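Here the structure comes first, spelled out in structure tokens, and everything after it is commentary.
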There are 2 protein chains.
Amino acid sequence: MLSIGDLSRKTGVKVPTIRYYEQMKLVTAPERSEGNQRRYSIVELERLTFIKHARDLGLKIDAIRELLDLSAHPEQPCADANRIAEDHLAATRDRIAQLQRLEAELVRITEGCHGDSIKDCYVIQSLSDHALCQDGH
Amino acid sequence: MLSIGDLSRKTGVKVPTIRYYEQMKLVTAPERSEGNQRRYSIVELERLTFIKHARDLGLKIDAIRELLDLSAHPEQPCADANRIAEDHLAATRDRIAQLQRLEAELVRITEGCHGDSIKDCYVIQSLSDHALCQDGH
DNA sequence: TTTTGTACCTATAGTTACTATAGATATTAG
DNA sequence: CTAATATCTATAGTAACTATAGGTACAAAA
């Protein structure tokens, strides 16, 4: 049996986060030792590994909860699981595209600045005057 | 003089958000009408436009506060303003790179799935078994 | 066996940047 | 003047944790 600290080290999920997941019912409350400390088995280690991995991929807790529910029903079709992953992929791509637009504007702003005091600073001016922007964000 | 609603429409910042910024002392408390409603001038419109623009670029409130402080001292050198913008640019690029790695893994996961029930679902398997990952995230 | 140090327990509050709600008052258009 | 809309304050909720305080359990050394 694993203590919460063992589980934390094996999964990379911090101890308070494990307790938080228990509260959120992402993981079920485990057995307790005589002295009321949590004791985990391999089942819980696997489940938490799944959660960690999905979180690393940026999936929201709600999406993970859905996937966990799906994996509890092995005979169901997996279209829903695919849909969740694909939705997340689409959202990730949108976010990348958005950040790339912001990157371009930040490059423009930082490279444009050749003043040496705030009153001529292109960074400050760019932020003050939206008209200087290239795209309409 | 502008009401809070006017200011909101002109800047695109929602009314409760404007009040929140006032509480956070990003904007100073404006004059009030006879009936205790906020009344804004052009100065506040410009400041809020600056804030909105910086937020759209993803700058944190603290960074914006720094920039606002800097812009209040026009004779100071603008190196600090540049540093803030450049730090943010670097952070943005890191985030893009990270999301691109996640994108690649999501593509692998979603394209790899040719099972039709959960027990063969590659999405679920990939999340369960970290060893299937290509990179060590 | 006792001590000592670390790990663990619960409950609560703080984080970021807002958003939502409730119940009361102000302003404005007709 | 009335009705509709806007505004006011204060409080709580959001996501996904993280930090803190005050107390108990456990494991290894003396």
Side-chain angles (χ1 to χ4, degrees), chain A residues 1-27 29-40 44 47-48 50-68 84 87-88 91-92 95 98 102, chain B residues 1-41 44 47-48 50-68 84 87-88 91-92 95 98 102:
Chain A
M1 300 299 272
L2 304 166
S3 73
I4 197 168
D6 296 335
L7 189 64
S8 171
R9 274 180 296 278
K10 278 181 192 289
T11 58
V13 177
K14 289 182 188 147
V15 168
T17 305
I18 297 173
R19 288 196 279 248
Y20 166 76
Y21 286 164
E22 184 180 321
Q23 227 182 299
M24 296 295 104
K25 297 184 193 267
L26 260 192
V27 299
E31 292 174 42
R32 296 291 180 123
S33 70
E34 292 260 311
N36 198 36
Q37 298 191 353
R38 290 170 180 80
R39 289 296 176 261
Y40 296 94
E44 281 120 345
R47 191 175 172 101
L48 190 57
F50 181 105
I51 293 168
K52 174 64 160 63
H53 193 172
R55 283 297 296 143
D56 282 349
L57 289 175
L59 286 159
K60 302 219 164 170
I61 298 287
D62 279 352
I64 297 172
R65 209 189 303 272
E66 267 192 85
L67 288 171
L68 285 168
I84 291 170
D87 282 357
H88 186 60
T92 302
R95 183 80 182 121
Q98 193 198 349
L102 298 182
Chain B
M1 301 301 270
L2 304 165
S3 74
I4 197 168
D6 297 334
L7 188 65
S8 171
R9 274 180 295 277
K10 277 181 194 289
T11 57
V13 178
K14 289 182 190 150
V15 169
T17 306
I18 297 173
R19 288 196 278 249
Y20 167 76
Y21 285 164
E22 184 181 319
Q23 225 182 299
M24 297 296 103
K25 295 184 194 266
L26 260 193
V27 299
T28 51
E31 293 175 42
R32 295 294 180 121
S33 70
E34 291 260 311
N36 198 37
Q37 297 192 355
R38 289 168 180 81
R39 290 295 176 263
Y40 296 94
S41 67
E44 280 121 344
R47 192 177 172 100
L48 190 57
F50 180 106
I51 294 168
K52 174 64 159 64
H53 193 172
R55 282 299 294 144
D56 284 348
L57 289 175
L59 286 159
K60 302 219 165 169
I61 296 289
D62 278 352
I64 297 173
R65 209 190 304 272
E66 266 193 85
L67 289 171
L68 286 168
I84 291 169
D87 283 357
H88 187 58
T92 302
R95 182 77 183 126
Q98 192 198 353
L102 298 181

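Because only heavy atoms are used, hydrogens play no part in the values below, and waters and symmetry mates are left out as well, while side chains stay in. None of these values were measured; they are calculated from a predicted model. Here is the naming used below: chain letters follow the sequence lines, and residue numbers restart at 1 for every chain.
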Could you check how far [atom1] of [X] sits from [atom2] of [N], rounded to whole Å?
X       : N      : atom1 : atom2 : value
A:Gln23 : D:dA19 : CD    : C1'   : 14 Å
B:Leu2  : C:dT27 : CG    : P     : 16 Å
B:Leu7  : D:dC8  : CG    : C1'   : 16 Å
B:Glu22 : D:dT7  : CD    : C1'   : 13 Å
A:Asp6  : C:dA7  : CG    : P     : 11 Å
A:Asn36 : C:dT10 : CG    : C1'   : 9 Å
A:Tyr20 : C:dT15 : OH    : C1'   : 13 Å
B:Leu57 : C:dA17 : CG    : C1'   : 17 Å

Specify the residue among A:Gln37 and A:Thr17 whose closest nucleotide of DNA chain D lies further upstream toward the 5′ end.
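Closer to the 5' end of DNA chain D: A:Thr17.
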
Need to verify one output field. Residue with the more 5' nearest nucleotide on DNA chain D, A:Tyr21 or A:Gly35?
A:Tyr21

Quick one: do A:Asp56 and A:Lys52 make a salt bridge, cutoff under 4.0 Å?
yes

Pair A:Glu22 + A:Arg38, salt bridge at N-O below 4.0 Å:
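Counted as a salt bridge, because a side-chain N and a carboxylate O are separated by less than 4.0 Å.
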
Between [options], spot the one nearest the side chain of [X], thanks.
X       : options                : result
A:Ile4  : D:dC26, C:dC8, C:dC18  : C:dC8
B:Arg55 : D:dT18, C:dC18, C:dT27 : C:dC18
B:Arg32 : D:dC26, D:dC8, C:dC8   : D:dC8
A:Lys60 : D:dA16, C:dC18, D:dC26 : D:dA16
A:Arg19 : C:dT10, D:dA25, D:dT9  : C:dT10

By nearest nucleotide on DNA chain C, pick out whichever of B:Glu34 and B:Leu59 is the more 5' one.
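On the 5' side of the pair lies B:Leu59.
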
Select base, sugar-phosphate, or nothing to describe what A:Arg38 touches, counting heavy atoms under 4.0 Å on all strands.
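Sugar-phosphate only.
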
Under 4.0 Å between any heavy atoms, over every strand shown, what does A:Arg9 touch: base, sugar-phosphate, or nothing? Just pick one.
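Nothing, no nucleic acid heavy atom in range.
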
Run the side chain to side chain contact (heavy atoms under 4.5 Å, CB included) check on B:Tyr40 and B:Ile18 step by step: do they pass?
CA-CA 11 Å; B:Tyr40 296 94; B:Ile18 297 173; 3.5 Å; yes

Give a yes/no on whether any side-chain N or O of A:Lys14 is located under 4.0 angstrom from OP1 or OP2 of D:dC17.
no

Just to confirm, is there a sub-4.0 Å distance from OP1 or OP2 of D:dT7 to any side-chain nitrogen or oxygen of B:Ser3?
yes

Rounded to the nearest 0.5 Å, what separates atom OH in A:Tyr21 from atom CD in A:Glu44?
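These two atoms lie 15.5 Å from each other.
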
Rounded distance [0.5 Å steps], OG1 in A:Thr17 versus CE in A:Met24:
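Here the interatomic distance stands at 12.0 Å.
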
